Number of protein chains: 2
Amino acid sequence: MSVSTLVTAERDTEAGTLHQRILNDIEGKIVSGEWPIGHRIPFEVDLAREYGCSRMTVNKVLTQLARAGLIERVKKSGSFVSQPHTQSAVLEISDIRKEVESLKLPYAFNVPRVAKRKAQGADRLLLDVPVGTAILDITCVHLAGGKPFCLEQRLINLSSVEGVDQADFTKIPPGQWLLSQVPWSSAEHRIHAAAADATTAEQLGIAQGTACLVIERRTWSAGAAVTQVRLTYPGDRHALVATFTPSS
Amino acid sequence: MSVSTLVTAERDTEAGTLHQRILNDIEGKIVSGEWPIGHRIPFEVDLAREYGCSRMTVNKVLTQLARAGLIERVKKSGSFVSQPHTQSAVLEISDIRKEVESLKLPYAFNVPRVAKRKAQGADRLLLDVPVGTAILDITCVHLAGGKPFCLEQRLINLSSVEGVDQADFTKIPPGQWLLSQVPWSSAEHRIHAAAADATTAEQLGIAQGTACLVIERRTWSAGAAVTQVRLTYPGDRHALVATFTPSS
DNA sequence: AAGTGGTCTAGACCACTCG
DNA sequence: GAGTGGTCTAGACCACTTG
């Protein structure tokens, strides 16, 4: 009924959609501690009456809060403020070129090695393909302001990507090319610290043994292994930053 | 889908709710490349007719896909398969005790230092409080199987947390205590690699200069700085792992 | 057995943009 | 100006769980 628009207009004191206002309100009560951990949130029907909206709107809000982990929903019992179990942080791992350009530094790269070969036993641990599969083994050094910024060591499963033969990885970095070619993918990241070995140190222009941040990523698309990459950053020149807000 | 493939058809369509089935279907078309980057997705009304459901149900699905970043929605024009812009990885940064226990190792910790003092200039960079604020400065070494596992250096804003005086941080680790006391929070993470300095090396029982993974986290609650913590892991003994799937 | 959340519908109005 | 997505409603039925 159009009558309800009058009622909701009255509440229109704050910005955003009805969702947002209700969500902010409830989130505020949880974040501030007014509704402590374990507190039972009013039932959907009651909230709907309180906010003067339909139950679906409230449901949408509570569903979102549950997905964010602020509340837990139990059938028949109701919804409860949940205990913060794990701090989850969303890392945005972007294109290296963009990474460099966001630092206001000129970007460049060179490719010391491109080799096509058959997968060996050691590769299986990295790329998850049968021995004998044709793979591309690439080393790429990314430069920021003319200085080494990141060492990229990559394996590509040639049978899972079309048109790799046509790609010229001396003109476009392999990571960027793959991003534009492979439709969508799932990935697994592993982040750790390691001392630079002799080869790494030389290619990055740092002293052997320097602490480096290492990001290893394995990527699948449609169930097939696509690529494995190890990105090595000199530790003092790079940091991953992630922010986290409750309902995001 | 033909009637003869009853079994597979059943598996396809029996994957939970109507949302899920439609979402999986559309996600499949995007992930497989059947709908390439830039492809315009059918309008909501058409999808609703195709799937035999109401527009709201389709809207829910497309909204979810948009939130996951697989599609972009433009008013009047329609929805389009978007280019994978950044690889976003969700890190689950859990309680250190749980971390250790998940390794099937006995957990223990000791607290070499607990000091209450006024915030100095150097602290401002870390904790985001005015000079002179009462803070707690804690160092905590977490042990796994009797060996140092992680060094925790923490500052707590005493004016933002109630009951800190009653807490005995020799019995419960500060991180765990805070997690149970502070309602909810936003956080900022910074991850990098660093060589262990003399103090760190001694407390972790490793050689000076060893590559370490450093996680720094600043936490706010209700707009006020709560705590800042630096977790230092010996690089070869620890890794952060994150997985990523398109629509999660 | 009752009440909860989970889901879905068939409409509706709006703001915004593009053909 | 027409068509898109964005949002919201007032119902409805179901599955499940717990008092």
Side-chain angles (χ1 to χ4, degrees), chain A residues 1-27 30 35 38-82 247-248, chain B residues 13-27 30 35 38-82 247-248:
Chain A
M1 281 300 174
S2 56
V3 185
S4 58
T5 54
L6 287 176
V7 183
T8 52
E10 193 180 314
R11 297 183 175 277
D12 214 347
T13 51
E14 295 174 21
T17 69
L18 186 51
H19 289 141
Q20 286 299 326
R21 280 180 281 133
I22 300 179
L23 190 139
N24 289 338
D25 194 30
I26 296 182
E27 180 189 323
I30 296 175
W35 287 353
H39 178 265
R40 198 183 71 195
I41 288 177
F43 303 124
E44 292 189 352
V45 204
D46 299 330
L47 283 173
R49 254 191 307 123
E50 183 185 332
Y51 287 105
C53 65
S54 76
R55 185 168 81 91
M56 252 217 105
T57 305
V58 169
N59 183 296
K60 212 167 176 176
V61 171
L62 295 192
T63 301
Q64 201 168 328
L65 285 171
R67 285 192 18 164
L70 268 81
I71 67 174
E72 274 167 18
R73 318 199 71 184
V74 184
K75 292 197 173 182
K76 165 68 183 178
S77 296
S79 304
F80 303 85
V81 177
S82 67
S247 67
S248 62
Chain B
T13 54
E14 208 167 355
T17 69
L18 185 52
H19 290 141
Q20 286 300 326
R21 279 180 281 136
I22 300 178
L23 189 139
N24 289 339
D25 194 30
I26 295 182
E27 180 190 324
I30 297 175
W35 287 354
H39 178 264
R40 197 182 71 193
I41 288 177
F43 304 123
E44 292 189 352
V45 205
D46 299 330
L47 284 173
R49 253 192 309 121
E50 182 184 333
Y51 287 106
C53 65
S54 74
R55 185 169 80 93
M56 252 215 107
T57 305
V58 169
N59 184 295
K60 212 167 175 176
V61 171
L62 295 191
T63 301
Q64 202 168 329
L65 284 171
R67 285 192 18 161
L70 268 80
I71 67 174
E72 274 168 18
R73 318 198 71 185
V74 184
K75 290 197 175 183
K76 167 68 183 177
S77 296
S79 304
F80 303 86
V81 177
S82 66
S247 69
S248 63

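Here the structure is a predicted model, which is why all the values come from computation and not from measurement.
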Report task. With rounding to the nearest 0.5 Å, note down the distance linking CG in B:Leu47 to CD1 in B:Ile22. Result -> 8.0 Å
Report task. Report the distance from atom CG of B:Leu18 to atom P of D:dA15, rounded to the nearest whole Å. Result -> 15 Å
Report summary line: Rounded to whole Å, CE of A:Met56 lies from P of D:dA10 at a distance of 13 Å
Query raised in the report: Under 3.5 Å, is there a donor-acceptor pair between the side chain of A:Asn24 and the main chain of A:Gln20?
Result: yes
Query - For atom CD of B:Glu72 and atom P of D:dT4, their distance in whole Å - result: 19 Å
Report summary line: Testing D:dT4, C:dT9, C:dG3 for proximity to the side chain of B:Thr57, the answer is C:dT9
Report summary line: Closest non-hydrogen atoms of A:Gly69 and A:Ser82, given as atom of the first, atom of the second and distance, are O-OG, 2.6 Å
Report task. Classify the side chain of B:Arg55 and the base of D:dT4 as holding, or not holding, a donor-acceptor pair under 3.5 Å. Result -> no
Requested in this report: Nearest whole angstrom, please: distance from the P of D:dT9 to the CG of A:Leu47.
Outcome: 13 Å
Report summary line: Assign each of A:Ser77 and B:Val74 the nucleotide of DNA chain D bearing its closest heavy atom; nearer the 5' end lies the nucleotide of B:Val74
**Report entry** Nearest-Å distance for atom pair NZ/C1', residues B:Lys75 and C:dC18
**Finding:** 13 Å
Report summary line: Of all heavy-atom pairs linking A:His19 and A:Val61, the shortest is O-CG2, 3.7 Å
Query - Length of the line joining B:Phe43:CZ and D:dG5:C1', which is rounded to integer Å - result: 11 Å
Report summary line: Of the candidates C:dG6, D:dT7, C:dA2, the side chain of A:Lys76 sits closest to C:dA2
Query raised in the report: Quick one: B:Arg73 CZ to D:dG3 P, roughly how many Å, whole number?
Result: 18 Å
**Report entry** Rounded interatomic separation in angstrom, taking NE2 from B:His19 and P from D:dC14
**Finding:** 18 Å
